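A quick note: this is a predicted structure, and the numbers were derived from the prediction, not measured.
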Amino acid sequence: MSKILTIGVLGGMGPEATNQLCALITANTSASRDQDHIPVITYNNARIPERVAAVRGVAGARDPVPEMSRTAQVLERAGADLLLMPCNLAHFFIADVQAAVRIPILNMIEETVNYTVGKFPQCRRVGLLASTPTIECGIYERAFGKHDRQLLVPDAREQEDKVMKAIYGSEGIKGGRKTVPRKLLQDAAERLAERGAEVVIAGCTEVSLVLTPENTSLEVIDPLAIIARVAVARARPNAGGE
């Protein structure tokens with residue numbers, strides 16, 4: 001029998017999304033007793049500096065890489081065999097963090113794109129709901145461009161008044177709210193559908209917490225769910241759920 005690997009979760013970006021990823025790992029593992037589950041070590045490190053300002057190059061913004069790298073090293077020393085980062089924007093820094101550890105970091109962006117292209121081969125237009133810096137830095141655009149897919153994002157006003165407000169507003173998901181953000185993101189998703197999007201990526205892990213296929217007309221692709229399934233398959237072959 002092959003060794004069961006231990007998953008390390010480089011969390012705190014944000015804390016609720018980190019907990020959601022851990023729940024998805026459990027949900028995607030076939031088990032009939034506690035001992036059938038995959039070991040998971042979570043470091044929900046909310047002290048990692050804000051990624052938004054760093055990606056945008058805001059003067060005086062703290063570089064999150066040193067703390068992300070330290071967190072990854074703590075997980076490696078604790079016994080993790082592979083790492084996950086439940087933050088889309090954090091993948092802008094993945095190469096730097098990977099250089100700080102010997103164990104692999106699974107790339108949630110690449111896995112999401114591979115899943116989308118494989119699951120929906122006829123889909124040519126992909127909608128993306130994500131934070132503005134995630135869109136600006138182009139991590140999804142470059143990945144989908146390799147597969148000749150067009151990425152559709154909200155216009156500037158929709159992005160600010162709906163997506164960013166849903167994530168960071170006073171009634172936003174970062175503050176633990178769900179009702180108002182869900183409506184804002186539903187509206188933004190429907191606008192993408194009207195422009196030709198055939199599926200929509202929940203490209204911010206806060207979006208994953210409120211937007212589902214049940215509450216929008218588009219197929220919603222959740223990177224958290226995808227990376228959870230990939231991690232389970234990597235950690236213990238044949239351990240995946242449905």
Side-chain angles (χ1 to χ4, degrees), residues 3-29 31 34-55 61-112 130-131 133-134 137 139 167-168 172-176 202-209 222-236 239-240:
K3 175 190 174 185
I4 298 175
L5 303 182
T6 296
I7 297 171
V9 180
L10 202 169
M13 307 177 290
E16 187 173 359
T18 300
N19 295 333
Q20 173 73 357
L21 176 58
C22 293
L24 286 166
I25 291 170
T26 301
N28 280 279
T29 303
D34 292 346
Q35 292 74 23
D36 293 335
H37 282 277
I38 295 166
V40 178
I41 304 171
T42 304
Y43 189 170
N44 213 335
N45 184 6
R47 293 187 176 87
I48 295 173
E50 175 59 61
R51 279 76 57 204
V52 170
V55 169
R62 290 180 59 201
D63 182 0
V65 169
E67 188 65 13
M68 290 171 66
S69 298
R70 187 189 71 79
T71 306
Q73 291 165 350
V74 169
L75 289 165
E76 182 177 35
R77 290 196 298 271
D81 297 298
L82 57 90
L83 298 177
L84 311 179
M85 296 194 299
C87 172
N88 290 265
L89 186 56
H91 286 71
F92 180 79
F93 306 102
I94 190 170
D96 292 331
V97 180
Q98 180 64 81
V101 292
R102 296 182 299 274
I103 58 177
I105 305 174
L106 302 190
N107 192 313
M108 186 166 68
I109 309 301
E110 291 182 359
E111 295 296 346
T112 298
S131 70
T134 300
C137 74
I139 51 177
I167 299 170
Y168 294 102
I173 303 166
K174 288 284 190 183
C204 174
T205 44
E206 275 69 36
V207 176
S208 299
L209 297 174
D222 180 5
L224 281 182
I226 291 166
I227 201 63
R229 290 194 294 268
V230 170
V232 167
R234 286 281 295 273
R236 196 184 77 189

Worked verdict on Leu83 versus Val97 for side chain to side chain contact (heavy atoms under 4.5 Å, CB included): CA-CA 11 Å; Leu83 298 177; Val97 180; 5.8 Å; no
How far apart are the closest heavy atoms of [X] and [Y], and which atoms are they?
{"X": "Ala17", "Y": "Leu224", "result": "O-CD1, 4.0 Å"}
{"X": "Ala231", "Y": "Leu106", "result": "CA-CD1, 3.9 Å"}
{"X": "Ile41", "Y": "Ala78", "result": "CD1-O, 3.5 Å"}
{"X": "Ala31", "Y": "Asp36", "result": "CB-CB, 3.4 Å"}
{"X": "Ser131", "Y": "Cys204", "result": "N-CB, 4.1 Å"}
{"X": "Ala100", "Y": "Gln73", "result": "O-NE2, 3.2 Å"}

What I'd like to find out is whether the side chain of [X] reaches to under 4.5 Å of the side chain of [Y], using heavy atoms alone.
{"X": "Val9", "Y": "Cys22", "value": "yes"}
{"X": "Leu89", "Y": "Met13", "value": "no"}
{"X": "Thr134", "Y": "Ile139", "value": "yes"}
{"X": "Ile38", "Y": "Leu5", "value": "no"}

Determine all donor-acceptor pairs shorter than 3.5 Å in which one atom belongs to a side chain in residues 44-55; sequence neighbours excluded.
residue, atom, partner, partner atom, Å
Asn44, OD1, Gly12, N, 2.9
Asn44, ND2, Pro15, O, 3.4
Asn44, ND2, Asn19, OD1, 3.3
Asn45, OD1, Arg47, N, 3.0
Asn45, ND2, Glu67, OE2, 2.8
Asn45, ND2, Thr71, OG1, 2.9
Glu50, OE2, Val52, N, 2.9
Arg51, NH1, Pro49, O, 3.2

Arg236 side, atom CZ; His37 side, atom NE2 - distance, nearest 0.5 Å: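 So the gap between those two atoms works out to 8.5 Å.
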Partner set under salt bridge (Lys or Arg N to Asp or Glu O under 4.0 Å) for Glu111, not counting sequence neighbours: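 By the salt bridge (Lys or Arg N to Asp or Glu O under 4.0 Å) rule, Glu111 matches no residue at all.
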Flag, side chain of Thr205 to backbone of Pro86, donor-acceptor distance under 3.5 Å: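 Present.
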Enclosure of Arg234 CZ (heavy-atom neighbours >12, cutoff 6.0 Å):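 Count not over threshold, so no.
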Summary of side chain to side chain donor-acceptor pair (under 3.5 Å) pairs that have at least one residue in residues 83-110, sequence neighbours excluded: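 Of all non-adjacent pairs touching residues 83-110, those that pass side chain to side chain donor-acceptor pair (under 3.5 Å) are Asn88-Tyr140.
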Trace of the side chain to side chain contact (heavy atoms under 4.5 Å, CB included) decision for Leu82 with Ile103: CA-CA 5 Å; Leu82 57 90; Ile103 58 177; 5.7 Å; no
